[in-house]
Amino acid sequence: MAENITSPILELQRQRALLETEYNAEKEEFRRQTEAAGMARKVKRGDAWWPLRVGRSYYNSLNQLCVEVFRTADSGIEHNFEYGRPVVFFRTADAGAAGGRRSSPLAYFGFTGTVSFADGDRMVVAVPDGADLLELQRTAGLGVQLSFDETSYRLMFDALDRTMRAKGRLAQLRDLFYSRAEAARLSLPPMRFPYLNATQEEAVNEVLRAKDVAVVHGPPGTGKTTTLVEAIHETLLREPQVMVCAQSNMAVDWISEKLVDRGVAVLRLGNPTRVDDKMLSFTYERRFADHPDYPQLWAMRRAIRELRAGRRRGSQSVRQKIESLKARATELELRINAELFGQARVVACTLTGAASRLLEGKRFTTLFIDEAAQALEAACWIAIRRAGRVVLAGDHCQLPPTVKSLEALRGGLGRTLMERIVELHPGAVTLLRVQYRMNDDIMRFSSRWFYGGRVESAPEVRHRGILDLDIPMEWIDTSQMAGGGSGDGGAEPAGFREEFVGESFGRVNKAEAELTLAVLESYFARIGRQRIIDERIDVGVISPYRAQVQYLRRLVSASESLKPLRRSITVNTVDGFQGQERDVILISLVRSNDGGEIGFLRDLRRMNVAITRARMKLIILGDVPTMTRHPFYRKLWEYVCGLKTIKS
């Protein structure tokens, strides 16, 4: 559908109004869930740890007071704590109340902390200097839960306001992105990159030619990250430093690690999601603490804290000494900071991290935004204000940004800046057209439906498979399995019907989950256990619904036949598999009802992600009469049936 071009200012005002609608809806939803949900439900959802053990407290290298906490129960549940997210501590009146279904009698501590990093069952939380940590350590029944993220919204509102008021380069980019005016390009002869394919090579050349904006559109398996890393590397031969951002910490980690492997000096603001020496070695915090002048700075900061703690009220001499030490410490901190940024060729952070005080006054000729199709437009403007030109990479035919308000979604808040630029500036877009992940039969349906048939398989993966004469893509129709997996011994079709289990968890179809496990066990038996171990064949089990994922995880954990192979099996939601791939993928669609209702499975981008995770074998389990009332799933069913006919 053609873009309706309006005034950039009016459109940004509309975006701001939609963002406010989303903000109010999310805040109200958070308040309602916090008040209504029992602690057991919050823990199960991954939004709380309870009970906690408190470890040591200390000041980190950034002079933030931190406290270490450990989860002592429910360690198998995947949680939603990650760097930068706000949290609050609470105490419970008694264990029974906290675990109940009803509202728990929780007493919250009077401060908000920020996750410094979370790894496994250990988390470090940065807290305000005045926080009573002694009280935390003494408290029985202590817990921590995610708090509403006011900061991210404040930064997005501020970015939209700045963009509307902008003069100079930011105003030029704003006006260009909301018009069909031609984006400026340099006239450069094409460069050759023998280790890239033709479309990847074209994408790198287009990035180098772009004076305003370039888009690298990377469908599944087409080597978007490889292309982006090469584009950044080539840009750094022409510019002293670039900025690289993404919506999530995980995406920032991924591109940062690939750049480090390429020999690029990266300075990562914020802490990585994976805590190991390699990832930590290029973080700002680790580099700051390793600087030779840091011990001197640390001694000054300690002296300031001791003087503040021991001074008499109103003591002039102590106050003067503190001010003198603060001035020297600030000067030293600025010098260390300047050295660290001076050594970095790439500054990497999340889009909201681009508002960090560490970047105050800094400008970059080029900003690269990875996974741009998953970021709200307002978040992109946070980083764009620091840049002279913008390169976006991603795929708007895969997962969109998360928008919780239906009103804001209908108003267009989910429409990303990348989608806008693809629509208005098709000449700035390069589609990567050769995929290196999937058997051609798995890839072809996605290519036809989402990419106009333009994506092709590389010769080396076209016929990849695990078993001889195997059909790479199957759909098992659960409507034909009446009573086969319900576990009640009956033959009622209701055995394969969905159940609603709450807004946060969606729906579950237990019979379909049990059938999914039976299908996996049967396929593993055909391959052979030893071969799976020797060849490290890995499997992903995907469901769009969290309730189904949790039920499937319990089934996998309880399966004796899968016990030796559990490390090769990952069970997660579609969102959890974004950017990943496995040799074998099973998808449990869950929906089964008389009305043909499929809920958010109507968002076909989510299904595009699910069906393109598999390298060699894709097995879909779902109720065909329910799903095929939608034209996409009808075409998918017909395509799979056609493969079966051809192979037989």
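What you are looking at is a predicted structure, and each value in this text was computed from that prediction instead of being measured. Worth knowing before you read on, the calculation uses all heavy atoms, side chains too, and leaves out hydrogens, waters and symmetry mates.
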> Got a donor-acceptor contact below 3.5 angstrom from the D538 side chain to the S568 backbone?
Replying inline: no
> Looking at side-chain heavy atoms only, is the closest gap between L636 and M473 below 4.5 Å?
Replying inline: yes
> When rounded to the nearest 0.5 angstrom, what is the spacing between OG1 in T225 and CD1 in I255?
Replying inline: 5.5 Å
> Which residue, L586, V584, V539, forms the side chain to side chain contact (heavy atoms under 4.5 Å, CB included) with Y523?
Replying inline: V584
> How close do V574 and P544 get, heavy atom to heavy atom, and via which atoms?
Replying inline: CG2-CA, 4.0 Å
>> Pairing donors with acceptors under 3.5 angstrom, does anything connect the side chains of Q172 and R169?
In response: yes
>> Side chains of N572 and I542, heavy atoms from C-beta outward: is any pair under 4.5 Å?
In response: no
> How close do R613 and Q578 get, heavy atom to heavy atom, and via which atoms?
Replying inline: NH1-C, 4.3 Å
> Residues in side-chain contact (heavy atoms from CB on, under 4.5 Å) with R165, at least two apart?
Replying inline: D161, R162
> From I369 CD1 over to M243 CE, what is the distance, rounded to the nearest 0.5 angstrom?
Replying inline: 9.0 Å
> Do other residues, nucleotides or ligands put more than 12 heavy atoms under 6.0 Å from E456 CD?
Replying inline: no
> Of the options V391, V346, V204, V207, which is the one that meets T235 in a side chain to side chain contact (heavy atoms under 4.5 Å, CB included)?
Replying inline: V207
>> Applying salt bridge (charged side-chain N to carboxylate O under 4.0 Å, His left out) as the test, list every pair that has at least one member in residues 247-258; sequence neighbours left out.
In response: D253-R268, E257-R274, E257-K278
> Would W637 and M627 satisfy side chain to side chain contact (heavy atoms under 4.5 Å, CB included), going step by step from the backbone distance to the final call?
Replying inline: CA-CA 9 Å; W637 168 251; M627 298 304 302; over 6 Å; no
> Is there a donor-acceptor contact under 3.5 Å from the side chain of R16 to the main chain of E11?
Replying inline: no
> Just by distance, with hydrogens left out, do Q398 and R606 show a side-chain donor and acceptor under 3.5 Å apart?
Replying inline: no
> Judged by atom type as modelled, is there a donor-acceptor pair below 3.5 Å linking the side chain of R386 to the main-chain atoms of L359?
Replying inline: yes
> For atom NZ of K362, is the number of surrounding heavy atoms from other residues, nucleotides or ligands below 6.0 Å larger than 12?
Replying inline: yes
>> Looking only at the aromatic ring of each residue, does the gap between the centers of Y633 and Y639 stay below 6.0 angstrom?
In response: no
> Between H425 and G427, is there a donor-acceptor pair closer than 3.5 Å when you use the side chain of the first and the backbone of the second?
Replying inline: no
> Looking at D370 and K224, does any basic side-chain N land under 4.0 Å from a carboxylate oxygen?
Replying inline: yes
>> I'd like to know whether T570 forms a side-chain hydrogen bond (donor to acceptor under 3.5 Å, both in side chains) with R582, so could you lay out the CA-CA distance, the side-chain angles of the two residues, the decisive distance to 0.1 Å, and finally the verdict.
In response: CA-CA 9 Å; T570 308; R582 296 291 187 273; 3.2 Å; yes
>> By the definition side chain to side chain contact (heavy atoms under 4.5 Å, CB included), identify the one residue from S457, P219, P220 that meets it with Q435.
In response: S457
> Would D470 and K617 pass as an ion pair if we require N to O under 4.0 Å?
Replying inline: yes
>> Counting neighbours of CD on E182 that are heavy atoms of other residues, nucleotides or ligands and sit closer than 6.0 Å, is the number greater than 12?
In response: no
> Are the aromatic ring centres of F117 and Y83 under 6.0 angstrom apart?
Replying inline: no
>> Taking salt bridge (charged side-chain N to carboxylate O under 4.0 Å, His left out) as the definition, give me every residue that meets it alongside E239, ordered by chain and number, with sequence neighbours left out.
In response: R389
> Of all heavy-atom pairs between L432 and G218, which one has the smallest distance, and what is that distance?
Replying inline: CD1-CA, 4.1 Å
> Are K404 and E22 ion-paired here, with the side-chain N under 4.0 Å from a carboxylate O?
Replying inline: no
> Closest heavy-atom contact between V640 and W475?
Replying inline: CG1-N, 3.5 Å
> Does one side chain, of Y284 or N271, offer a donor that lies under 3.5 Å from an acceptor on the other?
Replying inline: no
> Of all heavy-atom pairs between S446 and N608, which one has the smallest distance, and what is that distance?
Replying inline: OG-OD1, 2.7 Å
> Considering all heavy atoms of both residues, which atom of A159 and which atom of W381 are nearest to each other, and what is their separation?
Replying inline: CB-C, 3.9 Å
> Is there a side chain to side chain contact (heavy atoms under 4.5 Å, CB included) between W254 and E371 once you walk through the steps?
Replying inline: CA-CA 11 Å; W254 181 248; E371 301 294 2; over 6 Å; no
> So, the side chain of T416 versus the backbone of L376: is there a donor-acceptor pair under 3.5 Å, distance only?
Replying inline: no
>> The test is salt bridge (Lys or Arg N to Asp or Glu O under 4.0 Å); show your working for R209 and E206 and say whether it passes.
In response: CA-CA 5 Å; R209 292 183 186 119; E206 288 303 311; 2.8 Å; yes
> Going by atom types alone, do H217 and D395 pair a side-chain donor with an acceptor below 3.5 Å?
Replying inline: yes
> Do side-chain atoms of R345 reach the backbone of L236 as a donor and acceptor pair under 3.5 angstrom?
Replying inline: yes
> Would L621 and I587 satisfy side chain to side chain contact (heavy atoms under 4.5 Å, CB included), going step by step from the backbone distance to the final call?
Replying inline: CA-CA 6 Å; L621 296 98; I587 303 172; over 6 Å; no
>> For R363, I'd like to know if atom CZ has over 12 heavy atoms of other residues, nucleotides or ligands within 6.0 Å.
In response: yes
> If only atom types and distance count, is the side chain of Q241 paired as donor or acceptor with the main-chain N or O of F341 below 3.5 Å?
Replying inline: yes
> Are side-chain N/O atoms of T350 and N249 paired as donor and acceptor at under 3.5 Å?
Replying inline: no
>> Working to the nearest 0.5 angstrom, can you tell me the gap between T365 OG1 and K211 NZ?
In response: 13.0 Å
> Backbone N or O of T163 within a donor-acceptor pair of the R174 side chain at under 3.5 Å?
Replying inline: yes
>> Is it the case that over 12 heavy atoms from other parts of the model lie below 6.0 angstrom from the CE atom of M164?
In response: yes
> Given I384 and L173, is the side chain to side chain contact (heavy atoms under 4.5 Å, CB included) satisfied, shown in steps?
Replying inline: CA-CA 9 Å; I384 292 171; L173 290 174; 4.0 Å; yes
>> Quick check against the 3.5 Å criterion: does Q200 have a side-chain atom that pairs as donor or acceptor with the backbone of T222?
In response: yes
> Looking only at atom types and distance, does a side-chain atom of T283 sit under 3.5 Å from a main-chain N or O of M279, one as donor and one as acceptor?
Replying inline: no
> Does the side chain of E26 pick up a donor-acceptor pair with the side chain of Y153 at under 3.5 Å?
Replying inline: yes
>> With no hydrogens and no angle check, just 3.5 Å: does a side-chain donor-acceptor pair link N197 and T199?
In response: yes
> Is the number of heavy atoms from other residues, nucleotides or ligands under 6.0 Å of Q343 CD greater than 12?
Replying inline: yes
>> Nearest 0.5 angstrom please: E339 CD to R287 CZ, how far?
In response: 10.5 Å
> So which of S256, S356, C245 actually passes side chain to side chain contact (heavy atoms under 4.5 Å, CB included) with C349?
Replying inline: C245
>> Quick check: F450 with F445 (ring centres under 6.0 Å apart)?
In response: no
> Would the number of heavy atoms belonging to other residues, nucleotides or ligands and lying under 6.0 Å from CZ of R238 be above 12?
Replying inline: yes
